[in-house]
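Since we're looking at a predicted model, the values are computed, not measured. All chains are named by letter (A, B, ...) in the order of the sequence lines, taking the proteins before the strands, and each is independently numbered beginning at 1.
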There are 2 protein chains.
Amino acid sequence: MDKKIIQELIDRYVAVSFQVQKKAEYLIKGQIGDDLTNDQHYILRYIHQSNDCTSTELADAFEVNKSAITAIINRMADRGLIQRTRDVNDRRVVYLTLTKEGNTLYENCQEKVQLLVESIITQFDETEITTFINTYEKLAQLLINKKQEEREE
Amino acid sequence: MDKKIIQELIDRYVAVSFQVQKKAEYLIKGQIGDDLTNDQHYILRYIHQSNDCTSTELADAFEVNKSAITAIINRMADRGLIQRTRDVNDRRVVYLTLTKEGNTLYENCQEKVQLLVESIITQFDETEITTFINTYEKLAQLLINKKQEEREE
DNA sequence: AGTGAATAGTTAAAGAGTTTAACTAATTTA
DNA sequence: TAAATTAGTTAAACTCTTTAACTATTCACT
């Protein structure tokens, strides 16, 4: 690929990924209201999806220090959204789960996000969007590998 | 499209966009070091790209309040990266530009980001990536329209 | 079995980013 | 020209993040 073309693609990619991220967060925030910050919403989703979620796992996924996770979890636990449970076999490990209230809030958010996304996703045909997500996932994998490489140096 | 398929696409999309964002920020941070936070890096890029950039424009682009922009710009101006200039015709308006130091830092970052992105972008063929970015840009446009609609309600 | 290293998580302090509300100063409009 | 609007700032309160030091537990090894 020509260097100039690459440069152009980078500029387009940077601009568009930025826009999509910010606008999507704006629209979702508009849907779910002030109950959750963006970060708390991501955490809520992540814990709901994951089995036996731990602080370390979250810190890796979010690329922040474990103490940043502790702080967020504290706030959400104070509000009764998240529960901590010690592993019986390895008592260093603390599992994070959603409380009943946390789950209800998740369901609420998910419903609203779904309505929003549906109204947009239906403007693509299925092939276009699966092709898009396939490439996106390939990109994600390459980035994960790249991180792995850097770690090993 | 079937409801179930949509649901699956949403889950894949949410997961992958999240991963790409976090890993990309991690890798870029690894390249440019501790000179800039992620947000400051975005601001630096944005001001470099834009002509006659103002706080209001940044606040719109980043979907935050103007006072959040003031705070970041203050920090970067204190470090001598950004300059404020009043508009001669409309003296309410303040234009933001990069100083010489700001520009040097930008060039530096851009070079490093480019090396990183090149090493990844070359693993796609050109058709795949332009198709990807086209769809991405279509998505961005839909989100922008959606925001516009909501504003008008 | 016992010592040293590694692992999971927390705490505290300092700084960065955000929101809200109140404010100044300049411009528009009616 | 008075009233409303616009661009930007300030201050207080809060969230998020990093660094470094810490506790508690488990692993590895002789």
Side-chain angles (χ1 to χ4, degrees), chain A residues 18 21-22 25-26 28-30 32-44 46-47 50 52-79 81-97 151, chain B residues 18 21-22 25-26 28-30 32-44 46-47 50 52-79 81-97 151:
Chain A
F18 181 81
Q21 190 212 322
K22 296 296 182 185
E25 283 180 355
Y26 170 84
I28 287 175
K29 193 87 203 240
I32 67 179
D34 289 334
D35 279 344
L36 290 172
T37 64
N38 285 326
D39 292 310
Q40 288 174 1
H41 180 219
Y42 288 134
I43 296 269
L44 197 74
Y46 196 100
I47 294 179
S50 153
D52 295 336
C53 184
T54 63
S55 288
T56 304
E57 183 184 343
L58 284 173
D60 285 344
F62 286 71
E63 297 295 350
V64 295
N65 288 8
K66 282 187 292 183
S67 44
I69 299 297
T70 299
I72 297 186
I73 299 299
N74 279 344
R75 264 172 246 120
M76 295 177 79
D78 286 348
R79 286 183 51 201
L81 301 174
I82 291 178
Q83 227 171 359
R84 287 176 161 104
T85 328
R86 279 216 176 272
D87 184 322
V88 185
N89 300 316
D90 184 343
R91 294 177 37 71
R92 290 170 302 182
V93 177
V94 175
Y95 294 121
L96 304 169
T97 49
R151 276 273 163 88
Chain B
F18 181 80
Q21 192 212 322
K22 296 296 183 184
E25 283 180 354
Y26 169 84
I28 287 175
K29 192 86 203 242
I32 66 178
D34 288 334
D35 280 343
L36 291 171
T37 64
N38 285 326
D39 291 311
Q40 289 175 1
H41 181 218
Y42 288 134
I43 296 269
L44 197 74
Y46 196 101
I47 294 180
S50 154
D52 295 335
C53 184
T54 64
S55 288
T56 304
E57 182 185 344
L58 283 172
D60 285 345
F62 286 72
E63 296 296 349
V64 296
N65 288 8
K66 282 187 292 184
S67 43
I69 299 297
T70 299
I72 297 186
I73 299 298
N74 279 343
R75 263 172 246 119
M76 295 177 80
D78 286 349
R79 285 184 52 201
L81 300 174
I82 290 178
Q83 227 170 359
R84 287 175 162 105
T85 327
R86 280 218 175 271
D87 185 320
V88 185
N89 300 317
D90 184 343
R91 294 178 38 71
R92 290 170 304 182
V93 177
V94 174
Y95 294 121
L96 303 170
T97 49
R151 278 272 164 92

Tell me: [atom1] of [X] to [atom2] of [N], nearest whole Å?
X      : N       : atom1 : atom2 : value
N38(B) : dT18(D) : CG    : P     : 9 Å
K29(B) : dT17(D) : NZ    : P     : 11 Å
Q40(A) : dC16(D) : CD    : C1'   : 10 Å
M76(A) : dC14(D) : CE    : C1'   : 16 Å
R92(A) : dT26(D) : CZ    : P     : 6 Å
L81(A) : dT15(D) : CG    : P     : 13 Å
Y95(B) : dT6(D)  : OH    : C1'   : 13 Å
D39(A) : dC14(D) : CG    : P     : 18 Å

Would you say [N] has OP1 or OP2 under 4.0 Å from some side-chain N or O of [X]?
X      : N       : value
T70(B) : dG8(D)  : no
R91(A) : dT25(D) : yes
R75(A) : dC16(D) : yes
R84(A) : dT10(C) : yes
T37(A) : dC16(D) : yes

Among I72(B), D39(B), I43(B), which one satisfies side-chain contact (heavy atoms from CB on, under 4.5 Å) with F62(B)?
I43(B)

Which part of the nucleic acid, if any, lies within reach of [X] when heavy atoms closer than 4.0 Å are counted: base, sugar-phosphate only, or nothing?
X      : answer
D87(B) : nothing
I72(A) : sugar-phosphate
N65(A) : base
T56(B) : sugar-phosphate

Please tell me if the side chains of N38(B) and I28(B) come closer than 4.5 Å, counting only heavy atoms from C-beta onward.
no

Taking for D90(A) and for D34(B) the nucleotide of DNA chain D with the nearest heavy atom, the one nearer the 5' end belongs to D34(B)

Does N89(A) or R86(B) map to a spot on DNA chain D nearer the 5' end, using the closest nucleotide for each?
R86(B)

A68(B) side chain: which of dT19(C), dG8(D), dA8(C) is closest?
dT19(C)

Inspect the surroundings of CZ in R91(B) and state if more than 12 heavy atoms from other residues, nucleotides or ligands are less than 6.0 Å away.
no

Nearest nucleotide by nearest heavy atom, which residue falls closer to the 5' end of DNA chain C, E63(B) or N74(A)?
N74(A)

Polar pair under 3.5 Å, donor/acceptor by atom type, side chain S67(A), base dT19(D)
yes

